Enquirer: 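Here it is, the structure, as C-alpha cells.
Along the sequence shown, residues carry numbers from 1. What you see is a predicted model; the values in this text were computed from it and never measured.
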Amino acid sequence: MLILAVLKLYDKSVVFMKKPISICIFSLLMTCGIKAQDRTANPLLLQTWNLNKMDTYIYTYEKQDGFEARREGLRFQKNGKITGNLIKSTLKYDALEEPVIKNEKADRYIGSWKKASDSTVTIVFPSNTNMTGTFIISKLTENQLKLKKVFSADIEKKMDSIRKTKNITE
C-alpha cells in the first residue's frame with residue numbers, strides 16, 4: 001500500500017514537472033529564433049534605395065524615402081521580402097549583356113532576399129530576372145549602397161576584362 005501511495009504521488013509530481021519544463025524549453029527555442037532573425041536585419045540595408053549609376057553590373061544606389069517613377073530601386077524588408085521598382089526583364093540570369101534602359105517606367109515586383117554571408121545577399125524576383133542573383137555588398141553606408149553581381153567563373157573572368165578596359169573602380 002505504501003508503495004502504491006508513493007507511486008501515485010510520483011506520477012502527480014511528474015505531471016506537474018512536465019508543464020514547467022515544456023514552458024522553459026518553448027521559451028528557450030523562441031528566444032533563439034528571435035536572435036537568429038536579428039542577424040540578417042542590418043538597419044542600414046533595410047531602406048529604400050534608388051539606382052544612381054550602373055557600370056558593368058556594379059549597381060550604385062542612393063537612399064531615398066520612396067521610389068521614383070522612372071528610376072529603378074530596391075526596398076529591403078526585415079522579413080526577407082524585397083520590393084523592386086524594376087524595368088521589365090528581357091534577359092536570362094547570367095547573361096553578359098546589360099539591360100538597355102530606354103526611359104521606360106519601372107514596375108513594382110515582389111521578391112525575396114537573404115543574407116548569404118556578411119558581405120553577400122541573394123535576391124530572387126520570380127517574375128523579373130534583372131535583379132535576380134547573388135550580389136556582393138561592396139559598400140554600405142547611411143546614404144549609399146553598392147552591389148556587384150556575382151556570375152559563374154567563366155563569365156566573371158570576361159566581366160573582369162571588360163571592367164579593366166573600361167577602367168571601372170570599385
Side-chain angles (χ1 to χ4, degrees), residues 31-170:
T31 304
C32 292
I34 291 170
K35 286 182 182 178
Q37 291 172 357
D38 287 343
R39 289 186 203 146
T40 62
N42 186 336
L44 290 177
L45 186 62
L46 302 176
Q47 303 182 63
T48 300
W49 301 96
N50 282 323
L51 186 64
N52 187 30
K53 181 175 130 184
M54 184 175 85
D55 287 319
T56 318
Y57 291 99
I58 298 174
Y59 302 86
T60 304
Y61 294 91
E62 59 187 9
K63 179 183 146 193
Q64 297 290 323
D65 291 332
F67 291 126
E68 294 178 17
R70 299 212 179 268
R71 280 177 75 186
E72 291 195 65
L74 300 172
R75 179 180 299 128
F76 291 88
Q77 297 165 346
K78 191 174 187 174
N79 59 2
K81 292 193 186 233
I82 187 168
T83 303
N85 199 42
L86 305 171
I87 304 296
K88 188 175 180 180
S89 175
T90 57
L91 300 175
K92 295 180 182 173
Y93 177 70
D94 253 9
L96 194 53
E97 301 86 23
E98 290 190 49
V100 178
I101 300 171
K102 307 175 198 165
N103 205 14
E104 292 180 40
K105 185 178 181 244
D107 291 320
R108 299 284 162 85
Y109 294 90
I110 304 295
S112 62
W113 73 277
K114 66 180 180 178
K115 202 163 189 180
S117 72
D118 287 342
S119 61
T120 308
V121 291
T122 301
I123 300 173
V124 176
F125 285 104
S127 56
N128 188 317
T129 58
N130 280 347
M131 286 301 293
T132 293
T134 302
F135 297 85
I136 296 170
I137 302 172
S138 57
K139 184 174 186 180
L140 178 59
T141 65
E142 192 172 312
N143 296 313
Q144 189 179 45
L145 168 65
K146 197 176 239 187
L147 299 175
K148 177 184 173 190
K149 193 165 190 174
V150 178
F151 291 94
S152 60
D154 57 330
I155 290 182
E156 197 61 44
K157 197 174 189 178
K158 290 176 188 175
M159 296 299 288
D160 284 342
S161 66
I162 292 169
R163 288 183 184 115
K164 286 177 187 173
T165 59
K166 284 188 171 183
N167 197 17
I168 296 171
T169 57
E170 295 184 347

Enquirer: Who are the side-chain hydrogen bond (donor to acceptor under 3.5 Å, both in side chains) partners of Glu62, not counting sequence neighbours?
Expert: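 In terms of side-chain hydrogen bond (donor to acceptor under 3.5 Å, both in side chains), with neighbours along the sequence ignored, Glu62 is linked to Gln64, Arg71.
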Enquirer: On a heavy-atom basis, which atom in Gly111 and which in Pro126 lie closest, and how many Å separate them?
Expert: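 Shortest heavy-atom separation between Gly111 and Pro126 comes out as CA-CD, 4.2 Å.
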Enquirer: Rounded to the nearest 0.5 Å, what separation is found between the OG1 atom of Thr83 and the CD1 atom of Ile110?
Expert: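 Output value for this atom pair is 4.0 Å.
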Enquirer: Looking only at heavy atoms, what is the nearest atom pair of Tyr59 and Met54, with distance?
Expert: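 In terms of heavy atoms, the two residues are closest at CE2-SD, 3.0 Å.
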Enquirer: Please enumerate all residues that pass side chain to side chain contact (heavy atoms under 4.5 Å, CB included) together with Asn79, with sequence neighbours excluded.
Expert: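 So Asn79 forms a side chain to side chain contact (heavy atoms under 4.5 Å, CB included) with Gln77, Lys81.
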Enquirer: Starting from the C-alpha separation in whole Å, work towards a yes-or-no answer on side-chain contact (heavy atoms from CB on, under 4.5 Å) for Gln47 and Arg75.
Expert: CA-CA 6 Å; Gln47 303 182 63; Arg75 179 180 299 128; over 6 Å; no
Enquirer: Sequence neighbours excluded, which residues qualify as ring-ring contact (aromatic ring centres under 6.0 Å, His included) partners of Phe67?
Expert: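 ring-ring contact (aromatic ring centres under 6.0 Å, His included) check on Phe67 returns nothing, list empty.
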Enquirer: Answer yes or no: is there a side-chain heavy-atom contact under 4.5 Å between Val121 and Leu45?
Expert: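 Yes, side chains in contact.
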Enquirer: If you round to the nearest 0.5 Å, how far is CG of Leu140 from NZ of Lys146?
Expert: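 Answer for the NZ-CG pair, Lys146 versus Leu140, is 12.5 Å.
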Enquirer: Taking all non-hydrogen atoms of both residues into account, name the closest pair between Ile137 and Leu147 and its distance.
Expert: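 Of all heavy-atom pairs spanning Ile137 and Leu147, the closest is CG1-CD2, 3.8 Å.
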Enquirer: Holding to side chain to side chain contact (heavy atoms under 4.5 Å, CB included), I want the full list of residues that pass it with Thr120, two or more places apart in sequence or in another chain.
Expert: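 Scan of Thr120 (side chain to side chain contact (heavy atoms under 4.5 Å, CB included), adjacent residues dropped) gives Ala116, Ser117, Thr134, Ile136.
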Enquirer: Rounded to the nearest 0.5 Å, what's the gap from CG on Leu74 to CG on Leu145? Could you check?
Expert: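 One finds 7.5 Å between CG of Leu74 and CG of Leu145.
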Enquirer: Can you give me the closest heavy-atom contact between Ile123 and Trp113, atom names plus distance?
Expert: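 Scanning both residues completely, I find the closest heavy atoms to be CG1-CB, 4.3 Å.
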Enquirer: What pair of heavy atoms forms the shortest contact from Glu142 to Lys63, and how long is it?
Expert: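 Glu142 and Lys63 have their closest heavy atoms at O-CD, 3.2 Å.
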Enquirer: Picking from Glu72, Glu68, Arg108, what satisfies side chain to side chain donor-acceptor pair (under 3.5 Å) with Asn85?
Expert: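 Option passing the side chain to side chain donor-acceptor pair (under 3.5 Å) with Asn85: Arg108.
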Enquirer: Considering non-hydrogen atoms only, spot the tightest contact between Leu44 and Trp49 and give its length.
Expert: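 Scanning both residues completely, I find the closest heavy atoms to be O-CZ2, 3.0 Å.
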Enquirer: State the CD-CG distance between Gln144 and Asn52, to the nearest 0.5 angstrom.
Expert: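 So the gap between those two atoms works out to 7.5 Å.
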Enquirer: Without swapping roles, check the side chain of Thr132 against the backbone of Phe125 for a donor-acceptor pair under 3.5 Å.
Expert: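 Pair found, side chain donor or acceptor close to backbone of Phe125.
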